[in-house]
Amino acid sequence: MPDRHIYETPIIKITEFTRGLLERDNIPGLLVNCDENGYYNIGIQINDDEVVKVASVLEDEAMAKIELWKDKVDVIRERYKERLPN
């Protein structure tokens with residue numbers, strides 16, 4: 001499976017991910033928040049209760065990572081569509 005990327009990032013509760021400043025309406029399914037340490041966490045909401053955290057970057061890298069992940073939202077959601085929320 002060399003063409004399939006394995007994501008070793010955590011699946012977390014949306015309530016845990018949304019702590020801090022949150023942006024969620026610009027790109028449907030893509031969530032971005034800034035934590036108390038100044039890191040931008042980028043996640044993809046896979047169901048009503050969970051988010052796959054795909055990146056954690058400093059401000060100077062945030063826009064590039066958002067651009068990278070905005071086109072992958074549907075792919076990630078499809079990968080986890082059978083997952084039942086824990």
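Within the 4.5 Å cutoff, the side chain of N47 has no heavy atoms near those of the Y80 side chain. Annotation: side chain of K65 is in contact with side chain of L68 (closest heavy-atom distance under 4.5 Å). Between I14 and D48, the closest side-chain pair of non-hydrogen atoms is not below 4.5 Å.
Taken from CG in N41 to CZ in F17, the straight-line distance is 5.5 Å, to the nearest 0.5 Å. For the atom pair CG of D49 and CZ of R83, the computed distance is 10.5 Å after rounding to the nearest 0.5 Å. To the nearest 0.5 Å, the span separating CD on E61 from OH on Y40 amounts to 12.5 Å. Atoms NZ and CD, on K53 and E16 in that order, are 8.5 Å from each other to the nearest 0.5 Å. To the nearest 0.5 Å, atoms CD1 (I42) and CG (L31) are separated by 10.5 Å. Interatomic distance, I76 CD1 to K81 NZ, rounded to the nearest 0.5 Å: 14.0 Å.
The minimum heavy-atom distance between I44 and R77, with the atom names listed, is CG2-CG, 4.1 Å.
D74 is linked by a side chain to side chain contact (heavy atoms under 4.5 Å, CB included) to nothing, counting only residues two or more places apart in sequence or in another chain.
Residue D60 qualifies as enclosed at atom CG: its count of foreign heavy atoms under 6.0 Å is above 12.
D35 places a side-chain N or O within donor-acceptor distance of the main-chain N or O of N37, the cut-off being under 3.5 Å.
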